[in-house]
Amino acid sequence: MPLPHFHQVQYFGFRMDSKTKRQRYTRQWKYARRSLNERCIGEQSSNNPITFQERNNEENYTDEDIASVSESVEIGVSGESCSSGPDSVADSPTEENCISDTETENEMAPTSLSTFLQQWATKHLIKHNALDDLLRGLKQNGHPELPSTARTLLKTPRHITSVVKSGMECVHFNLRESLLEQLQRYPREITDGATTVELSFNIDGLPLFKSSKTHLWPILCAIHLPPISVFPVTLTLGPTKPTNLDFIEEAIKDIQELLDNGLDGKEIKIRCVVCDAPARAMVKKIKQYSGYYGCDKCTQKGTWVAGRMTYPEVDNLTSRSNDTFRAEMTRRQENEETPVSPFLSLPLDMVEQFPIDYMHQACLGVMKKLLTVWVRGDRKVRMSAGQISNVTQRLLSLQKAIPSCFARKPRHLEDIDRWKAMELRQFAVYTGKIVLKGILADQLYDHFMVFSVALSLQLCPTLAVEHNAYSKELMKYFIEKTGELYGEHFTVYNVHSMLHLPEEALAFGSLDACSGFPFENYLGKLKRLVRSGKQPLTQVVKRLVEMPKSPLSVKASKPKFKRPNNAFILHEGKCCEAIEEREESDDSGCQMLLCKLFEKTEALFRDPCDSRILGCFKVQSRHAVMKLIPERQLARQAIMVEKRDETIFLAILHEQR
């Protein structure tokens with residue numbers, strides 16, 4: 001199959017050693033204590049000063065002091081993260097060992113210091129025994145109104161009621177109450193103006209410990225208002241995956257009730273149910289992806305090659321539909337063959353509203369497999385040690401060019417087994433185009449570029465609709481060439497599912513509109529709530545109850561003026577670097593920005609299509625001029641990579657949260 005022709009269109013972490021870890025804990029603990037000291041000094045009376053045993057410099061800390069702080073305080077990671085949590089969770093004393101049974105909630109006075117302590121403790125995941133010691137010291141030094149224990153301060157419930165379902169311990173939260181609670185966190189101008197609230201759901205397994213098979217299986221819900229808010233509907237815990245789907249039943253009832261009655265005059269709609277391939281097959285009660293008819297989007301029969309199921313066909317495929325799916329499930333019920341999915345009771349399209357998640361299939365599936373083959377695959381496609389080193393050096397050199405909207409910077413190619421989905425997306429859509437050129441074999445590089453361009457087209461809402469047919473042709477070409485370059489055994493389900501991604505992008509507007517990234521971020525937060533192996537489900541529920549329901553910040557993103565966050569693509573297809581904000585405004589009142597404007601741009605590549613369509617440009621410094629530009633002319637933030645003789649701009653296409 002020849003490479004599809006594109007018709008011309010108008011352009012428009014690493015593991016820390018023990019010493020570094022102790023120093024990090026110490027710095028954050030000192031910073032938190034200094035904040036407390038400043039707050040207390042501002043509130044105390046002059047007749048009753050509060051004193052802390054301050055240490056003036058880091059050298060005064062002994063190893064014993066650092067160790068004691070590390071054992072008693074667990075600092076959480078704030079901000080955006082896409083990781084699935086720490087590699088392991090150390091055993092720690094539970095809060096029940098340090099709580100007085102005589103403490104009551106009436107002991108806590110509603111002071112601003114109490115509110116600050118609540119927010120500080122939950123933000124940094126401070127353990128109860130450490131917070132108890134802090135409260136005891138504050139009460140003895142000028143704040144007798146504070147409670148004596150962390151449980152009273154954080155309003156921690158004494159008991160958590162759980163039931164056994166599907167062979168697992170289960171805790172369910174009423175969906176209507178949780179949804180109301182989450183909507184109250186949004187600004188009034190957003191909720192009042194919304195007549196319809198779209199929800200999406202996610203079901204996936206989360207391993208909690210490396211030393212055991214304990215898994216958390218949460219049902220998560222996402223509210224599709226800016227910004228997206230994720231919260232749990234049901235939490236289940238067990239040594240294996242659920243034995244049946246009984247744990248979903250209460251959530252299904254809550255969803256049906258919201259669909260029937262709405263919420264405070266707002267219509268509730270279900271956008272999609274996002275799962276990886278194994279979980280999607282489990283909740284739909286269909287064959288797994290390794291079966292002969294394992295694709296839930298088409299009826300292609302797989303071929304068994306080299307010990308795995310492959311799907312090599314790309315043309316003349318019959319698509320599955322909601323009607324045929326429900327007819328087959330009805331036949332099952334009549335014949336009493338096997339149980340059916342509880343989602344059948346909801347007014348859902350059982351095919352279209354269970355989309356393929358590009359985070360799992362494209363990033364963790366296809367992109368990771370390609371990188372693994374290039375690093376340690378067959379000799380015909382494997383890079384040499386020198387080539388791997390060169391690619392790694394190029395990746396590391398890009399670290400300073402990656403804007404802060406990316407949670408992770410490029411790292412060693414040798415660490416590919418530990419790369420997260422966000423790093424793999426960054427490589428597939430952005431950095432791979434640069435670092436592989438001239439090193440990877442030409443045929444393999446051209447093949448990768450087809451995949452990269454097709455995926456990039458489907459991430460941008462405008463391009464996903466405008467060039468959907470072309471992106472599908474590219475994916476067909478990619479799958480066909482995959483069998484030729486890497487062998488027929490390579491065209492497994494993950495590769496085959498790329499054929500259906502353009503359909504998902506067209507149905508939902510872009511791949512990010514139906515992806516698992518927001519849910520995966522929340523799973524990482526849930527994992528960090530577990531502090532020991534004793535009753536982990538109870539720990540998670542208590543930590544969730546303790547968290548203050550603070551308002552969601554919805555701030556208009558303002559352009560920044562420091563590298564690497566000041567590169568932009570203009571609406572007219574030019575590139576610029578924002579230098580500073582000026583006091584002047586244009587006739588419409590839009591703020592003027594002083595920018596280094598690159599008026600003459602060239603395409604970074606022309607195959608498989610002109611790169612300027614994707615916002616990929618190369619410019620030269622001698623064509624740059626200083627110019628005042630209205631802020632509204634900035635179309636997209638970009639990655640700016642400076643080389644000796646040219647500068648590269650890569651527009652950021654994926655949805656930024």
Working to the nearest 0.5 angstrom, can you tell me the gap between [X] [atom1] and [Y] [atom2]?
X    : Y    : atom1 : atom2 : answer
M309 : K301 : CE    : NZ    : 9.0 Å
C616 : K433 : SG    : NZ    : 5.0 Å
L364 : M359 : CG    : CE    : 5.5 Å
E484 : I479 : CD    : CD1   : 13.0 Å
L436 : M383 : CG    : CE    : 6.5 Å
Y486 : L444 : OH    : CG    : 4.0 Å

Count the heavy atoms of every other residue, nucleotide or ligand shown that sit under 6.0 Å from [atom1] of [X], and state whether that count exceeds 12.
X    : atom1 : answer
K285 : NZ    : yes
E198 : CD    : yes
E646 : CD    : yes

Non-hydrogen side-chain atoms of [X] and [Y] separated by less than 4.5 Å:
X    : Y    : result
I228 : I223 : no
I388 : W374 : no
N521 : V230 : no
L457 : N468 : no
M449 : Y445 : yes
L245 : M282 : yes
L526 : L529 : yes
T647 : F617 : no

Name all pairs fulfilling the salt bridge (charged side-chain N to carboxylate O under 4.0 Å, His left out) condition that reach into residues 435-452, sequence neighbours left out, sorted by first residue then second. none
Compare every heavy atom of [Y] with every heavy atom of [X], then report the nearest pair and how far apart it is.
X    : Y    : result
Q300 : H496 : NE2-CE1, 3.2 Å
T392 : E414 : OG1-OE1, 3.4 Å
A277 : Q288 : O-OE1, 4.0 Å
K472 : E503 : NZ-OE2, 3.0 Å
V619 : C575 : CG1-SG, 4.3 Å
H224 : S200 : NE2-OG, 2.8 Å

List the steps and the verdict of side-chain contact (heavy atoms from CB on, under 4.5 Å) for C298 and R320. CA-CA 5 Å; C298 68; R320 298 184 188 272; 5.5 Å; no
From CA spacing to verdict: side-chain contact (heavy atoms from CB on, under 4.5 Å), L614, V429: CA-CA 10 Å; L614 302 173; V429 179; over 6 Å; no
Could you please spell out the steps behind the ring-ring contact (aromatic ring centres under 6.0 Å, His included) verdict for F201 and F519? CA-CA 9 Å; F201 294 88; F519 298 109; 8.5 Å; no
Exercise: do [X] and [Y] side chains pair donor with acceptor under 3.5 Å:
X    : Y    : answer
N322 : R326 : yes
R280 : Y289 : no
D357 : H360 : yes
T240 : K213 : no
T482 : H447 : yes
S166 : N244 : yes

Charged N-O contact under 4.0 Å between K476 and E313: no
Test: K380 and D378 ion pair at under 4.0 Å: no
With no hydrogens and no angle check, is any side-chain donor or acceptor of [X] less than 3.5 Å from a backbone partner on [Y]?
X    : Y    : result
Q458 : A454 : yes
R408 : E423 : no
Q426 : M422 : no
Q637 : F568 : no
S212 : F209 : no
T310 : T303 : yes
D276 : A279 : yes
S510 : P461 : no
R636 : I652 : yes
S389 : A385 : no

Using the side-chain hydrogen bond (donor to acceptor under 3.5 Å, both in side chains) criterion, which residues pair with W217? Sequence neighbours excluded. none
List the steps and the verdict of side-chain contact (heavy atoms from CB on, under 4.5 Å) for V492 and Y311. CA-CA 6 Å; V492 293; Y311 300 87; over 6 Å; no
Please find out if less than 6.0 Å separates the ring center of [X] from that of [Y].
X    : Y    : result
F517 : Y358 : yes
F451 : F478 : yes
H654 : F406 : yes

Give the C-alpha distance, both sets of side-chain angles, the deciding distance and a yes or no for side-chain contact (heavy atoms from CB on, under 4.5 Å) between I648 and M640. CA-CA 6 Å; I648 295 174; M640 185 177 71; over 6 Å; no
K284 to F354 six-membered ring, cation-pi geometry met (6.0 Å, 45°): yes
Could you walk me through whether E520 and K525 pass the salt bridge (Lys or Arg N to Asp or Glu O under 4.0 Å) check? CA-CA 9 Å; E520 198 73 11; K525 296 176 182 178; over 6 Å; no
Residue from I203, I356, D204 passing side chain to side chain contact (heavy atoms under 4.5 Å, CB included) with C275: I203
